[in-house]
Q: 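Structure provided below as C-alpha coordinates; questions to follow.
Quick note: numbers below take in every heavy atom, side chains included, and nothing from hydrogens, waters or symmetry partners. Computed from a predicted structure; not experimentally measured. Chain naming here is simple, since letters A, B, ... match the order of the sequence lines and numbering starts at 1 in each.
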Amino acid sequence: MTPFTERVIAIIQGIPEGAVMTYGQIAALAGNHRAARQVVRILHSSSRAYALPWHRVVNARGEIALREDAARNEQASYLEAEGVAVDGRGRIDLEKYLFTPDDSFG
DNA sequence: GCCATGGCTAGTA
DNA sequence: GCCATGGCTAGTA
(Lines give C-alpha, C1' and ligand atoms only; values in the text may rest on other atoms or scores of the structure.)
Protein backbone atom coordinates (compact mmCIF):
# COMPACT_ATOMS: atom_id res chain seq x y z
CA MET A 1 0.00 0.00 0.00
CA THR A 2 1.57 3.29 -1.10
CA PRO A 3 1.11 6.60 0.74
CA PHE A 4 -0.95 7.94 -2.13
CA THR A 5 -3.31 4.99 -1.96
CA GLU A 6 -3.55 5.26 1.82
CA ARG A 7 -4.50 8.91 1.56
CA VAL A 8 -7.11 8.21 -1.09
CA ILE A 9 -8.69 5.53 1.09
CA ALA A 10 -8.68 7.80 4.14
CA ILE A 11 -10.29 10.64 2.18
CA ILE A 12 -13.03 8.40 0.81
CA GLN A 13 -13.73 7.03 4.28
CA GLY A 14 -14.16 10.62 5.42
CA ILE A 15 -16.96 11.52 3.02
CA PRO A 16 -20.00 12.03 5.23
CA GLU A 17 -23.38 10.49 4.63
CA GLY A 18 -25.53 12.61 2.36
CA ALA A 19 -22.60 14.14 0.48
CA VAL A 20 -20.41 13.28 -2.53
CA MET A 21 -16.89 13.98 -3.76
CA THR A 22 -15.42 13.78 -7.28
CA TYR A 23 -12.57 11.55 -8.48
CA GLY A 24 -10.38 14.52 -9.37
CA GLN A 25 -11.08 16.27 -6.09
CA ILE A 26 -10.01 13.19 -4.14
CA ALA A 27 -6.86 12.82 -6.25
CA ALA A 28 -5.96 16.47 -5.69
CA LEU A 29 -6.50 16.18 -1.95
CA ALA A 30 -4.33 13.06 -1.87
CA GLY A 31 -1.52 15.01 -3.49
CA ASN A 32 -1.84 14.59 -7.26
CA HIS A 33 -4.56 16.43 -9.09
CA ARG A 34 -3.91 14.46 -12.27
CA ALA A 35 -4.39 11.02 -10.75
CA ALA A 36 -8.18 10.88 -10.97
CA ARG A 37 -8.03 7.59 -12.82
CA GLN A 38 -5.99 6.04 -10.04
CA VAL A 39 -8.83 6.91 -7.68
CA VAL A 40 -11.07 4.91 -10.02
CA ARG A 41 -8.70 1.97 -9.79
CA ILE A 42 -8.61 2.09 -6.00
CA LEU A 43 -12.39 2.22 -5.79
CA HIS A 44 -12.64 -0.66 -8.21
CA SER A 45 -10.20 -2.89 -6.37
CA SER A 46 -10.47 -1.85 -2.72
CA SER A 47 -14.05 -0.80 -2.05
CA ARG A 48 -14.99 -4.13 -0.57
CA ALA A 49 -11.84 -4.78 1.47
CA TYR A 50 -11.94 -1.35 3.12
CA ALA A 51 -15.71 -0.97 3.29
CA LEU A 52 -15.45 2.28 1.35
CA PRO A 53 -18.56 4.40 0.75
CA TRP A 54 -17.90 4.04 -3.01
CA HIS A 55 -21.35 5.30 -3.88
CA ARG A 56 -20.40 8.78 -2.63
CA VAL A 57 -17.92 9.30 -5.48
CA VAL A 58 -19.10 10.83 -8.78
CA ASN A 59 -17.42 12.47 -11.78
CA ALA A 60 -16.55 16.15 -12.13
CA ARG A 61 -19.91 16.89 -13.77
CA GLY A 62 -21.83 15.41 -10.89
CA GLU A 63 -22.82 12.25 -12.72
CA ILE A 64 -22.74 8.61 -11.71
CA ALA A 65 -19.78 7.28 -13.68
CA LEU A 66 -20.49 3.56 -13.59
CA ARG A 67 -21.20 1.90 -16.93
CA GLU A 68 -23.61 -0.88 -16.13
CA ASP A 69 -27.25 -0.09 -15.46
CA ALA A 70 -27.53 -2.42 -12.47
CA ALA A 71 -24.54 -0.78 -10.80
CA ARG A 72 -25.80 2.73 -11.65
CA ASN A 73 -29.16 1.94 -10.10
CA GLU A 74 -27.50 0.54 -7.00
CA GLN A 75 -25.42 3.70 -6.55
CA ALA A 76 -28.44 5.94 -7.13
CA SER A 77 -30.50 4.11 -4.54
CA TYR A 78 -27.74 4.22 -1.92
CA LEU A 79 -27.45 7.96 -2.46
CA GLU A 80 -31.17 8.59 -2.31
CA ALA A 81 -31.37 6.56 0.89
CA GLU A 82 -28.93 9.08 2.36
CA GLY A 83 -30.92 12.04 1.16
CA VAL A 84 -28.95 12.86 -2.00
CA ALA A 85 -31.25 13.61 -4.94
CA VAL A 86 -30.35 11.78 -8.15
CA ASP A 87 -32.24 12.58 -11.36
CA GLY A 88 -33.29 10.14 -14.07
CA ARG A 89 -29.95 10.42 -15.85
CA GLY A 90 -27.91 9.78 -12.75
CA ARG A 91 -27.03 13.40 -12.07
CA ILE A 92 -26.42 14.96 -8.68
CA ASP A 93 -26.41 18.69 -7.93
CA LEU A 94 -22.83 19.38 -6.83
CA GLU A 95 -23.78 22.85 -5.59
CA LYS A 96 -25.89 21.14 -2.98
CA TYR A 97 -24.11 17.92 -2.19
CA LEU A 98 -20.39 18.31 -2.91
CA PHE A 99 -18.34 17.72 0.22
CA THR A 100 -15.33 20.00 0.51
CA PRO A 101 -13.23 18.99 3.53
CA ASP A 102 -12.19 22.62 4.11
CA ASP A 103 -15.73 23.29 5.28
CA SER A 104 -15.09 21.22 8.37
CA PHE A 105 -12.31 23.50 9.51
CA GLY A 106 -14.30 26.69 9.26
C1' DG B 1 -2.03 -2.24 -20.12
C1' DC B 2 -5.76 -0.87 -17.21
C1' DC B 3 -9.46 2.55 -16.01
C1' DA B 4 -16.27 4.15 -12.63
C1' DT B 5 -11.50 10.80 -15.46
C1' DG B 6 -11.09 15.43 -16.94
C1' DG B 7 -10.51 19.23 -19.72
C1' DC B 8 -10.41 21.13 -24.14
C1' DT B 9 -12.10 21.63 -28.90
C1' DA B 10 -14.77 21.04 -32.98
C1' DG B 11 -19.05 21.02 -34.78
C1' DT B 12 -24.04 22.18 -34.73
C1' DA B 13 -28.15 25.41 -33.97
C1' DG C 1 -15.79 13.24 -29.03
C1' DC C 2 -10.94 12.94 -28.38
C1' DC C 3 -6.75 11.78 -26.04
C1' DA C 4 -3.10 12.77 -22.30
C1' DT C 5 -2.73 11.26 -17.73
C1' DG C 6 -0.44 8.28 -13.77
C1' DG C 7 -0.21 4.98 -10.02
C1' DC C 8 -0.69 0.43 -9.89
C1' DT C 9 -0.62 -4.62 -11.26
C1' DA C 10 -0.15 -8.74 -13.93
C1' DG C 11 2.79 -11.13 -16.42
C1' DT C 12 7.45 -12.33 -18.03
C1' DA C 13 12.74 -13.18 -17.30
Q: With a non-hydrogen cut-off below 4.0 angstrom, is A/T5 in contact with a base, only sugar-phosphate, or nothing?
A: sugar-phosphate
Q: With distance as the sole test, does A/E80 use its side chain to make a donor-acceptor pair with the main-chain N or O of A/A85 at under 3.5 Å?
A: no
Q: Any donor and acceptor pair, going by atom type alone, linking the side chain of A/S47 with main-chain N or O of A/H44 inside 3.5 Å?
A: no
Q: With distance as the sole test, does A/E6 use its side chain to make a donor-acceptor pair with the main-chain N or O of A/P3 at under 3.5 Å?
A: no
Q: Out of A/V58, A/V20, A/I92, A/N73, which one pairs with A/V86 under the side-chain contact (heavy atoms from CB on, under 4.5 Å) rule?
A: A/I92
Q: Determine, for nucleotides 1-8 of chain B in 5'-to-3' order, which nucleotides have protein heavy atoms under 4.0 Å from the base (write B), from only the sugar-phosphate (write S), or from neither (write -).
A: -BBBBS--
Q: I'd like the C1' distance from C/dC3 over to B/dG1, given in whole Å.
A: 16 Å
Q: Whether the side chain of A/R91 engages the backbone of A/E63 through a donor-acceptor N/O pair (distance < 3.5 Å, no angle test) should be reported.
A: no
Q: Applying side chain to side chain donor-acceptor pair (under 3.5 Å), run through A/H55 and A/E82 and close with a yes or a no.
A: CA-CA 11 Å; A/H55 58 283; A/E82 296 182 354; 2.9 Å; yes
Q: Distance-only, no hydrogens or angles: does the A/T22 side chain make a donor-acceptor pair with backbone N or O of A/Q25 under 3.5 Å?
A: yes
Q: Would you find more than 12 non-hydrogen atoms of other residues, nucleotides or ligands less than 6.0 Å from A/F4 atom CZ?
A: yes
Q: Taking both distances under 3.5 Å as the test for a Watson-Crick or G-U pair, what stems of at least three pairs does DNA chain B have?
A: B:1-3 with C:6-8, B:5-8 with C:1-4
